[in-house]
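Structure record follows, encoded as structure tokens.
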Amino acid sequence: MPYAIIVLPIAQQSCYTYEVPVSFQKEIQIGQQVVVPLGRKFYGGIVLKLSEDKPSYPTKSIISIWDKKPIVSSEQIAFWKWMASYYMCALGEVMTAALPAGFRIESEHKVHLTKTDYIPDSETERLIIDALQHGALDLKTLDESLGGKLEVLKALLEKEVVQIHTQHNQRFKPKEVVFLYPRENITTEEINKLSELQSHVLLRLIDLSKTEKVSKSKFLEEEGVTESPIKTLIKKEFIISQKEKVYRHSFKYPKETKPLYELSEIQQQKYGEIKKQFETHSTVLLHGITSSGKTEIYTHLIAKELEKGRFVLFLLPEIALTTQLAERLAIFFGKQLLVYHSKYSTNERVEVWRKLQAKDKPYVVIGARSAIFLPFHDLGLIVVDEEHEPSFKQQDPAPRYHGRDAAIYLAYLQNSKVLLGSATPSLESYFNVQLGKYGLVELFQRYQDILPPEIILIDSTEASRKKRMKGLFTPELIKAMNETLENGEQVILFQNRRGYSYFVKCENCDTIPHCPNCDVSLSLHKYANTLDCHYCNYSISYAKHKCGECQGEDFSTIGIGTEQIEEQTTALFPNYLSDRIDWDTTTGKHSYEKILSKFKNGETKILIGTQMLAKGLDFDNVGLVAILNADLLLHYPDFRAYERSFQLLLQVSGRAGRKKKQGKVLIQTYKPKHPVLKLVKESAYTPLYNQQIRERNAFHYPPVYYMMKIKLKHKNKQKVEEAAYLLGEDLKNIFGARTYGAHTPLVSRVKNFYLQEIILKIERKSSYAKAKQLTSEAISRVKQTKGFSSIHIGADVDVF
DNA sequence: AGCACGCCGACT
DNA sequence: GTCGGCGTGCTC
Ligand SMILES: [Zn+2]
Ligand SMILES: [Zn+2]
């Protein structure tokens, strides 16, 4: 076929058609990565379709086929297309999100000196030629050092004094390891003729080679020998040294695998129910309380699929959780288990991708949401654990997809089953159960006689009025903590706010320092002694800060974050070691694991943290979990605040479940009669669901209604407001009262961009796809309006 | 997304 | 008069 339609990794709605040179026509295939020119740049694009038809416009030619083997399958292309249309973004944006960065092709332009006898015309020419004497230079670097005087370079090009060579490179670099092999049929006589050291080294190598491939570097290190005897042995042809490409794996696999643990009677029964539900539903929700042993059930289901030769994908909401689970499952699945997420090195991600394409054996992949883009070809099961977690939804760069929902579509394409797991299901999933779309299996019995924690609500009002609070600690909490700690048990303190305080205030004039780039107050971080913006990376020294209004140097802190809780804890419990786990303490590569293992082995007695503590962590000596201020969650300005509070509080409480002894959960609040807190105390999911669904229905919120948000942003406040108004009116003409806004969001400016938003709430009985299409058309009308072309307009479908 | 082109204000 | 800002439009 002489023409190819190609998607490029750019945020552009349309794809491009290129001519396929005759020499490539035999080998070109859908899914291959090819190098193509666009404007004056080069990109690596994916072949979507081949065609006989000559387009009406002139075409450029494909420059090269990067890999003969396609890097994506036609099923993946179908998945990408669905995502672009469902989440209202460009196919190129999906491509960027889907492909590991290591596949990306980057072009560099090198300037070479071709004439050595040229006499420069000007000072600039002389400078360029001097610079090129020592070898070719990158065009960009040369351009930067010239300060935009490209004219001179162009003149030199025309005079053929210099030439530009364009080279395309891929970021992925295979890892190469030197392996040592003993030559075959070495006789004892030959060995006896060698020096003592050489014969020792050789015998050791022969021995080791019987069971494994021996890498040179590892051999040198483990045997404590130097290179010289090996060099001699290679020269004497006793050892063959060979460089080979290998897969990297930073994940430490266990030496041996074990058979699966047997399921308990109840687990066995639930396993059967899930299987049964799969006969009639492709998606099943497993509503199982904390410590009910959901993971064991997953493990058996995974093993079953692998036995059948089918692949399994296990999705988790947080990268930090993948390692924990992988360690647990690798005991059973060994090297059939792979880990994949965006914090993995680009090289390793490419290798996981290639391993799946090799199709040599079925794998179970544990990953965060980006793992849905892997080249699966025979997926049997997708497990989405902690399915209620909002972090499954991608936030900023498009595609703003929901990992769980995208996984369900992927399963549909692959003819696979999906198992959603949660102790506190999302209203979305439970709603789908009610509609009969998903199957439901309930597991309310605790595993191995673990007792459910006792949940106690504490009214902070009284202690506060009587001035008996010590910071955020009520006397009841302090008493309970003392008892627990004296018992040799551990304590978890939960406060969903990082930093030292919410903000600071000038003691003299009450002015609150704000971020110069965003419309938010700065948060105090006492440990780093800085005032930070949580929306951009603005950070200033707290010690040196003077009030912008009155130059005052003294500030008081307002609101209490995890850092201050840690300070108060140390003051109240000086004899017990405490630690903190939040966004600020987990930026390092293994910091998260380190903090957790210190707590697990009992080194730390008190662990303070944000919602990071809520997700799937198991501790066995936690006697007390305390939520310092539940009101902070309940008053969060979001329609999901009550649902989220319920989930978070129950998840955090779940950390207090232990064998034999009942754990305790204290919830401090100024509103002990709050209906949600009452339901948390009783762990009553269904009443919460019913009550919330009524509310969502009354106010036209998901899951009863579809909802999407159109976000507008621009550097100019007036401009973005005008555009948003125009779009709002346009949408009102189409959707009437289903349109809400345009309005200014709570945080009206981020990174110097002014923001506006419009919400659309659509009835489930109407076509969501049609609504999106009409919205897209309205957006393009606004973009075509004079003066508004530079306004960024993006859609967030199924907002979180 | 990048990149060039072109139109307007403000400085050597 | 030119430099550089940004708004606009185009890329197969
Ligand atoms: Zn002041
Ligand atoms: Zn900021």
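Every chain is numbered from 1, with letters handed out A, B, ... down the list of sequences.
- The CG-P distance, from Asn752(A) to dC6(C), rounds to 12 Å in whole Å.
- Looking at Pro100(A) and Thr346(A), their side chains never come closer than 4.5 Å, going by heavy atoms from C-beta outward.
- Atom CZ of Phe753(A) and atom P of dC6(C) are 11 Å apart (whole Å).
- Counting any heavy atom pair closer than 4.0 Å across all strands shown, Gly92(A) reaches no nucleic acid atom.
- Listed candidates were dC3(B), dA1(B), dC12(C). Nearest to the side chain of Ile10(A) is dA1(B).
- Judged by the 6.0 Å and 45° rule, Lys772(A) forms a cation-pi pair with Tyr768(A).
- Closest contact between the side chain of Thr17(A) and the listed nucleotides dC3(B), dG7(C), dC12(C) involves dC12(C).
- Residue Ile791(A) contributes atom CD1, which lies 14 Å from atom P of dG9(C) at whole-angstrom precision.
- Spacing between atom NE2 of His792(A) and atom P of dG2(B) amounts to 12 Å, rounded to whole angstrom units.
- Using a distance-only test at 3.5 Å, with no hydrogens or angles considered, a donor-acceptor pair links the side chain of Tyr18(A) to the main chain of Pro37(A).
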Given side chain to side chain donor-acceptor pair (under 3.5 Å), test Ser64(A) with His168(A) step by step and report yes or no.
CA-CA 10 Å; Ser64(A) 68; His168(A) 309 288; 6.0 Å; no
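- Contact annotation for Pro55(A): no contact, since no heavy-atom pair falls under 4.0 Å across all strands.
- In terms of phosphate contacts, Ser789(A) brings a side-chain nitrogen or oxygen within less than 4.0 Å of OP1 or OP2 of dT8(C).
- Under a cutoff of 6.0 Å and an axis angle of 45°, Lys751(A) and Tyr535(A) do not form a cation-pi pair.
- When heavy atoms are screened at a 4.0 angstrom cut-off, Lys719(A) is found touching the sugar-phosphate backbone but no base atom.
- Taking atom NZ of Lys41(A) as the reference point, atom P of dA4(B) lies 11 Å away to the nearest angstrom.
- One interatomic measurement links the two molecules: CG of Leu8(A) to C1' of dC12(C), which rounds to 9 Å at whole-angstrom precision.
- Both tests hold for Arg640(A) against Phe800(A): distance to the six-membered ring centre under 6.0 Å, angle to the ring axis within 45°.
- Rounding to whole angstrom units, CZ of residue Arg40(A) and P of dC3(B) are separated by 9 Å.
- With distances taken from any side-chain atom of Thr59(A) to the nucleotides dA1(B), dG7(C), dC12(C), the minimum falls on dC12(C).
- Taking every side-chain heavy atom of Tyr16(A) into account, dT11(C) is the closest of dG2(B), dA1(B), dT11(C).
- Checked by atom type and distance alone, the side chain of Gln756(A) never pairs as donor or acceptor with a backbone atom of Tyr725(A) at under 3.5 Å.
- Taking only distance into account, the side chain of Tyr18(A) never meets the base of dC12(C) through a donor-acceptor pair shorter than 3.5 Å.
- Rounded to an integer number of Å, the gap from CD of Gln12(A) to P of dT11(C) is 10 Å.
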Given protein heavy atoms under 4.0 Å, the one-letter contact record of nucleotides 5-10 of chain B, with B base, S sugar-phosphate only and - none, is simply ------
